[in-house]
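Written below as structure tokens is the structure these notes are about.
Chain A is the first sequence line, chain B the second, and so forth, proteins listed ahead of strands; every chain is numbered from 1.
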There are 2 protein chains.
Amino acid sequence: MDIENAKIPQATAKRLPLYYRFINNLHSQGKMRVSSKELSEAVKVDSATIRRDFSYFGALGKKGYGYNVEYLLSFFRKTLDQDETTNVALIGVGNLGTAFLNYNFTKNNNTKIQIAFDASDDRIGDTVGGVPIKHIDELEEYIDGISVAILTVPAQAAQGIADRLVKANISGVLNFTPARITVPSSVRVHHIDLAVELQALVYFLKHYPLDGELEDEL
Amino acid sequence: MDIENAKIPQATAKRLPLYYRFINNLHSQGKMRVSSKELSEAVKVDSATIRRDFSYFGALGKKGYGYNVEYLLSFFRKTLDQDETTNVALIGVGNLGTAFLNYNFTKNNNTKIQIAFDASDDRIGDTVGGVPIKHIDELEEYIDGISVAILTVPAQAAQGIADRLVKANISGVLNFTPARITVPSSVRVHHIDLAVELQALVYFLKHYPLDGELEDEL
DNA sequence: TTTAGATTGTGAATGATGTAACATTTCCGT
DNA sequence: ACGGAAATGTTACATCATTCACAATCTAAA
Ligand SMILES: NC(=O)c1ccc[n+]([C@@H]2O[C@H](COP(=O)([O-])OP(=O)(O)OC[C@H]3O[C@@H](n4cnc5c(N)ncnc54)[C@H](O)[C@@H]3O)[C@@H](O)[C@H]2O)c1
Ligand SMILES: NC(=O)c1ccc[n+]([C@@H]2O[C@H](COP(=O)([O-])OP(=O)(O)OC[C@H]3O[C@@H](n4cnc5c(N)ncnc54)[C@H](O)[C@@H]3O)[C@@H](O)[C@H]2O)c1
């Protein structure tokens with residue numbers, strides 16, 4: 001769609017939602033302007049990196065002044081497609097799935113969990129956090145118009161479900177399962193492996209200098 | 001402690017727990033040997049990257065043969081300090097916190113959630129997933145021997161709790177809060193921002209070529 | 001209107017990560 | 001015991017990301 005955007009580094013793209021949220025905060029607080037230095041302290045990203053990130057979108061600020069909060073906000077809203085909602089399905093209403101359903105991702109967000117699926121009869125027909133739960137056997141019937149799936153099923157079920165999601169034409173999967181699923185190259189998968197995150201943190205603590213470190217981020 | 005380890009790239013360190021888990025699987029399946037190519041297909045990491053990662057630890061494999069699963073396993077167990085358990089506290093027994101407590105991170109893991117804290121009187125004294133819940137006012141009394149904290153409190157409470165954790169001599173924090181907390185450089189914080197992850201996935205879907213892409217990983 | 005001070009946007013330096021390619025070594029069947 | 005097949009470990013390169021440092025530009029106050 002946007003010609004320019006194809007050139008934005010992935011690392012930058014991953015920071016955009018973060019910037020958006022903090023700019024939103026500033027706006028609610030009635031702040032009129034902000035410098036890259038201030039933002040830097042809030043989001044814990046080097047100020048030069050922030051300026052560089054913003055610069056991919058052209059000159060958003062004014063030299064000697066900083067950035068106009070209102071303008072930044074409207075810019076990010078547009079860029080992150082806040083207006084156009086992405087429909088999401090959640091598969092596996094267990095511990096983690098229930099937490100996600102109860103959490104309203106819609107705050108500050110352009111995504112909405114529209115429907116959930118589970119294999120256990122107990123929960124079918126209920127709603128959790130306002131989201132209706134259907135039986136997994138009915139996946140194909142209800143998945144229409146959904147482009148992203150959150151996978152919170154047991155690891156053994158992950159690949160099978162993924163295959164069905166692919167057939168049902170899903171575009172992206174957020175996989176919380178420890179299983180690394182295989183999908184065609186037309187589908188994007190992000191793995192979030194919480195056990196690995198915890199273990200990695202512990203590894204860093206044990207093996208990296210504890211003191212003269214940056215205070216943040218992997 | 002280990003002199004060598006200081007040189008291991010962070011990207012590699014983050015993959016180690018992943019390798020460990022899959023090698024563990026292979027071992028349970030009775031597999032005796034594995035090549036970087038096989039491993040690559042399982043964990044979705046380029047085989048050259050795997051060989052490079054392993055090579056930081058010396059020559060773990062044999063040319064023309066591959067890697068001995070048993071040996072790899074014992075090596076990783078040692079390297080990831082599987083034997084020595086790291087004690088973890090969880091702060092904020094809400095939706096997300098409850099999911100984590102019910103989930104047994106101890107599988108394949110050198111970490112154990114020993115204790116949880118919450119501000120709401122309702123849950124104090126209960127146990128969730130075998131973990132006792134104490135009142136947050138008693139944080140300082142019970143945090144002895146705990147080196148890592150998982151933060152799943154509301155965003156507004158995050159910085160305050162973080163300050164107390166720092167005073168109580170915590171070494172690492174896994175922060176699920178959208179707030180970016182400030183801590184001294186002696187404390188390591190990893191942010192896991194689930195809303196950002198979802199939004200970033202959506203952004204990639206909308207703005208990046210959908211087809212000729214690697215099929216995995218950010 | 002002038003000037004001191006602030007802050008951007010970016011070229012260039014540095015650092016980190018990923019991967020192609022291959023010489024080298026080991027395995028293993030004959 | 002030998003030779004081809006297999007797979008490592010690593011060199012060299014390519015790519016991506018971060019950060020420094022500063023000229024250019026703007027603000028705001030006197
Ligand atoms: N809970 C955590 O803290 C945590 C942490 C790290 C990783 N994970 C991973 O996240 C996933 C979910 O964890 P959880 O704790 O919520 O597990 P859970 O067992 O509580 O939930 C799994 C849910 O999936 C449903 N299910 C099973 N098979 C299904 C199928 N074929 N189709 C649809 N639904 C199916 C079950 O009925 C259950 O409700 C697991 O893969 C787990 O390894 C969880
Ligand atoms: N649930 C999700 O899916 C999800 C997704 C993304 C981010 N998050 C973030 O994770 C955090 C927790 O989310 P949640 O859905 O579990 O919220 P929640 O409201 O269900 O749970 C928060 C818990 O923290 C407790 N608490 C409040 N103040 C406290 C204090 N000062 N000390 C100790 N405990 C305190 C509350 O009693 C409650 O039990 C939030 O910051 C949220 O933004 C959650």
Got a donor-acceptor pair under 3.5 Å from the side chain of A:R52 to the base of D:dT19? yes
Whole angstroms only, please: what is the CZ-P distance between A:F54 and D:dA17? 17 Å
Whole-Å distance, B:R51 CZ to C:dG18 P, equals 15 Å
Do you know which two heavy atoms are closest between B:H190 and A:L201, and how far apart they sit? CD2-CD1, 3.8 Å
Could you check whether A:Y67 gets within reach of a base, just the sugar-phosphate, or nothing at all, counting any heavy atom under 4.0 Å? sugar-phosphate
Is the shortest side-chain N/O distance from B:S36 to OP1 or OP2 of D:dA7 below 4.0 Å? no
When you compare the side chains of A:T12 and A:D53, does any donor N or O come within less than 3.5 Å of an acceptor on the partner? yes
Rounded to whole angstrom units, what separation is found between the NZ atom of A:K37 and the C1' atom of C:dT7? 11 Å
In terms of the nearest nucleotide of DNA chain D, which residue is placed more toward the 5' end: A:Y65 or A:D53? A:D53
Are A:D163 and A:Q159 close enough that a side-chain donor and a side-chain acceptor fall under 3.5 Å? yes
Measure NZ/B:K62 against P/C:dT24 and give the value in whole Å, please. 21 Å
For D:dT18, does OP1 or OP2 lie under 4.0 Å from any side-chain N or O of A:R15? yes
Ignoring backbone atoms, test whether A:T49 places a side-chain nitrogen or oxygen under 4.0 Å from the OP1 or OP2 oxygen of D:dT19. yes
Can you find a side chain N or O atom of B:R33 that sits less than 4.0 Å from OP1 or OP2 on D:dA6? no
